[in-house]
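All values below were derived from every heavy atom in this structure, side-chain atoms included, with hydrogens, water molecules and symmetry-related copies excluded. The structure presented is a predicted model; accordingly, all values stated were derived computationally and were not measured. In what follows, every chain begins at residue 1, and chains take the letters A, B, ... in the order their sequences are listed.
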2 protein chains.
Amino acid sequence: MTEMANITDVAKLANVSAMTVSRVLNGKGYVKEETRRRVLKAMEKLHYVPNELARSLVLQQSQMIALIVPDITNPFYTTVARGIEDMARKNNYQVILCNSDENVDKEREYIEMCLRIRVDGIAIAAAGDASKKNLQLLKPLDIPFVLIDRRVEGTQADVVLGDSVEAAQSLVEHLIGLRHRRIAMFTGSLQSSTSRDRVAGYRKALEKHGILYREEYVKENTYTRNSENSDIQDLMTLPEPPTAILAANNILAVKAFQQLKKLQLQVPGDVSIVGFDEVDPMNVAEPFFTSAIQPAYTFGTLSMQFLLERIEGNDSSPRTIVLKLEMVIRNSTQTVKVPQDN
Amino acid sequence: MTEMANITDVAKLANVSAMTVSRVLNGKGYVKEETRRRVLKAMEKLHYVPNELARSLVLQQSQMIALIVPDITNPFYTTVARGIEDMARKNNYQVILCNSDENVDKEREYIEMCLRIRVDGIAIAAAGDASKKNLQLLKPLDIPFVLIDRRVEGTQADVVLGDSVEAAQSLVEHLIGLRHRRIAMFTGSLQSSTSRDRVAGYRKALEKHGILYREEYVKENTYTRNSENSDIQDLMTLPEPPTAILAANNILAVKAFQQLKKLQLQVPGDVSIVGFDEVDPMNVAEPFFTSAIQPAYTFGTLSMQFLLERIEGNDSSPRTIVLKLEMVIRNSTQTVKVPQDN
DNA sequence: GTGAAAGCGCTAACAT
DNA sequence: ATGTTAGCGCTTTCAC
């Protein structure tokens, strides 16, 4: 930081008190038109920029909120971020974007920094249930926060998320409608409520249609973006390999697709895939994946609205808002080749 | 912001002065072990979190830097962001990520906010040459900044960017090697130095191989992500339509591809495409585009290093570092069907 | 209409 | 090893 001009410098140059400068700055209180002009001129001359740090210190509010997401490279979260941002700007808040990398410790560091710089509120897509500990840091200090996309077990707060149970169920029923019976699931870390919901929907659909739930069909993927594993290999070498896969998110859908390709298996020829959200932000490929799409932008605007209300002091009991997903049927699914009973 | 405990509260509870608490906090100066423990206990009891705002105010530095990018949804910039972030964290700086949306006015707003909250420095991929005005706000206040990916005409500063001239030339020569002679170019806004460099490389290659530069083959695209236009249409209905296209960035490569598809034209069967950077971060499609890839992560780490040096007071003359791009040949290019003279 | 004084939470410099 | 004083840049309150 540098020796920038401060309010006193401006005051001196304009031959007024700091108070008058402050009044000009904030447009409140009476200032004679001529004085105001003198002050404005002095500001310009000195390249004066008000020090928001000092202002926040006395006002006890920073007009900043933080958005913490688990993966900044996932288009779902960048879309959420845009929603948050637009709504925040409309209300004169600045957004600080933080990337926890699905890592609870990194997440904690960011939350601690948020406390230190006294953000007015936090919107967070939590890394997992273990985030509870991090969020508890906020409670005694009374910093408002909203959960996005994922509930956190044992944490009371406003939540904005999608109806993953229902969406997963619909996706599976779509597969069943195409006569699939051997349907596997790629779930994300079961630390995340969203993953669990999607598994629940998967099971619900199977049950409803009298299809046996098979342990060995469900693969929990905790690995990160670039790591390798053999889930598909394992799946496809079972005595009764699946004919379709429900992937619990966009990343996993791609993973499944790529692994199948390596085994020379066709999608949807040999195996159908269904998933969540858009996979290919730029639509490089023809939109290909049959998918349940979440209204990500709305996740953002809505959760920001909630957060603003909390910051303004709304003290009602926590709300959960569950948004519908839109299932779009594309080319990653087709009728099963060799119908199976089961 | 809320009535959180402050340093005096802790001091009182621990029966010491604020100074002692401060010393415990910052681990400098001598504090008796027993006193230290008492202080620590008091902190915990009060859920004390140091107020970084106040600290920054007296220390005259915020330990925050800002990264301003023109498009947060472009994987190139998110990769840069990761590089910046990692390097910043290593050096105890927090990063504030801002999205200017290729909009000079929004960019100015963010820069003004950065000044108000007294960030220690700014890394910026400028919206265009018009960003000069915005950057000039920083000069008189002596806030260090680094330019990433794009020079800004008339602005002196450290710059980290790719060798776009050479890369564009190589891409075009690759096409020429495949016997293309009618090569069109999709450029981004010529407000951006990077676009201009790529056009320069394009012309250089043509010239070198005695191919006529044709005005009507160069299309400047200033439209945004979702807008429509007829560039490809115009191009392909020329008396001598191009057999290949150089796209000036990842977004434009996709645009070209999609528009060709609409006209029932095949890539690379009817038209070859070359571009820059990765197009498909998740590799949904087989990596498909022949492309010159920039070391985006390194852009980030390097520019952060420069910025840190400037913050620390390094006052040498501005440096420009130009990184090589890596050309990867993939499936969006092939030998021209009907060789043309020209 | 304008100003003076006090204080937001912290630390540097100087006591003791 | 610990405390006191002053001040970072601003706004609130009250006075004129």
- Lys28(A) atom NZ is separated from dT2(C) atom C1', nearest whole Å, by 17 Å
- Does Ser22(B) have a side-chain nitrogen or oxygen under 4.0 Å from the phosphate oxygens OP1 or OP2 of dC10(C)? no
- Query: dC10(C) C1' sits how many Å from Lys12(B) NZ, rounded?
  - Reply: 15 Å
- Query: Between Glu44(A) and Arg38(A), does at least one N-O distance fall below 4.0 Å, as a salt bridge requires?
  - Reply: no
- Message: Of the options dG3(C), dG3(D), dT11(D), whose atoms approach the side-chain atoms of Arg23(B) most closely?
- Response: dG3(D)
- Task: Counting heavy atoms from C-beta on, name the nucleotide in dC8(C), dG1(C), dC8(D) closest to the side chain of Leu57(B).
- Result: dC8(D)
- Query: Of Asn15(B) and Ala54(B), whose nearest nucleotide on DNA chain D comes first from the 5' end?
  - Reply: Asn15(B)
- Please report, rounded to the nearest Å, how far the P atom of dG9(D) is from the CG atom of Asp9(A). 8 Å
- Task: Would you indicate which nucleotide in dC10(D), dA1(D), dT11(C) comes nearest to any side-chain atom of Ile7(A)?
- Result: dC10(D)
- Task: Determine: side-chain N/O of Gln60(B) to OP1/OP2 of dG7(D), distance under 4.0 Å, yes or no.
- Result: no
- Could you tell me whether the phosphate oxygens of dC10(D), OP1 or OP2, come under 4.0 Å of any side-chain nitrogen or oxygen in Tyr48(A)? yes
- Message: If I take atom CZ in residue Arg36(B) and atom C1' in nucleotide dA1(D), what distance separates them, rounded to the nearest angstrom?
- Response: 12 Å
- Item | Minimum heavy-atom distance between Ala5(A) and Tyr48(A), given as atom pair plus value | O-CD1, 3.5 Å
- Among dC10(D), dT2(D), dT11(D), the one nearest any side-chain atom of Pro50(A) is dC10(D)
- Message: Measure CZ/Arg38(B) against P/dT2(D) and give the value in whole Å, please.
- Response: 8 Å
- Query: Is a salt bridge present between Arg108(B) and Asp105(B), judged by a nitrogen-to-oxygen distance below 4.0 Å?
  - Reply: yes
- Query: Is Thr20(B) reaching over with its side chain to a backbone N or O of Val16(B), donor-acceptor style, under 3.5 angstrom?
  - Reply: no
- Lys/Arg cation over aromatic Phe306(B): Arg319(B), 6.0 Å, 45° cone: yes
- Do NZ/NE/NH1/NH2 and the carboxylate oxygens of Lys45(A) and Asp9(A) come within less than 4.0 Å? no
- Does Asn6(A) place a side-chain N or O at less than 4.0 Å from the phosphate oxygens OP1/OP2 of dC8(D)? no
- Round to the nearest Å and state the distance from Met4(B) atom CE to dG9(C) atom P. 10 Å
- Message: Which nucleotide wins on minimum distance to the side chain of Ser17(A), given the candidates dG1(C), dC10(D), dG3(C)?
- Response: dG3(C)
- Task: Write down the distance between OH (Tyr30(A)) and P (dT2(C)), rounded to a whole number of angstrom.
- Result: 13 Å
- Item | Value in whole Å for how far the P atom of dG9(C) lies from CG of Leu46(B) | 13 Å
- Query: At under 4.0 Å, does any side-chain N or O of Thr20(A) touch on OP1 or OP2 of dG1(C)?
  - Reply: no
- Task: Compare the minimum distances between each of dG3(C), dA1(D), dC10(D) and the side chain of Val58(A), then state the nucleotide with the smallest one.
- Result: dC10(D)
- dG3(C), dA1(D), dA13(C): which one has an atom nearest the side-chain heavy atoms of Thr35(B)? dA1(D)
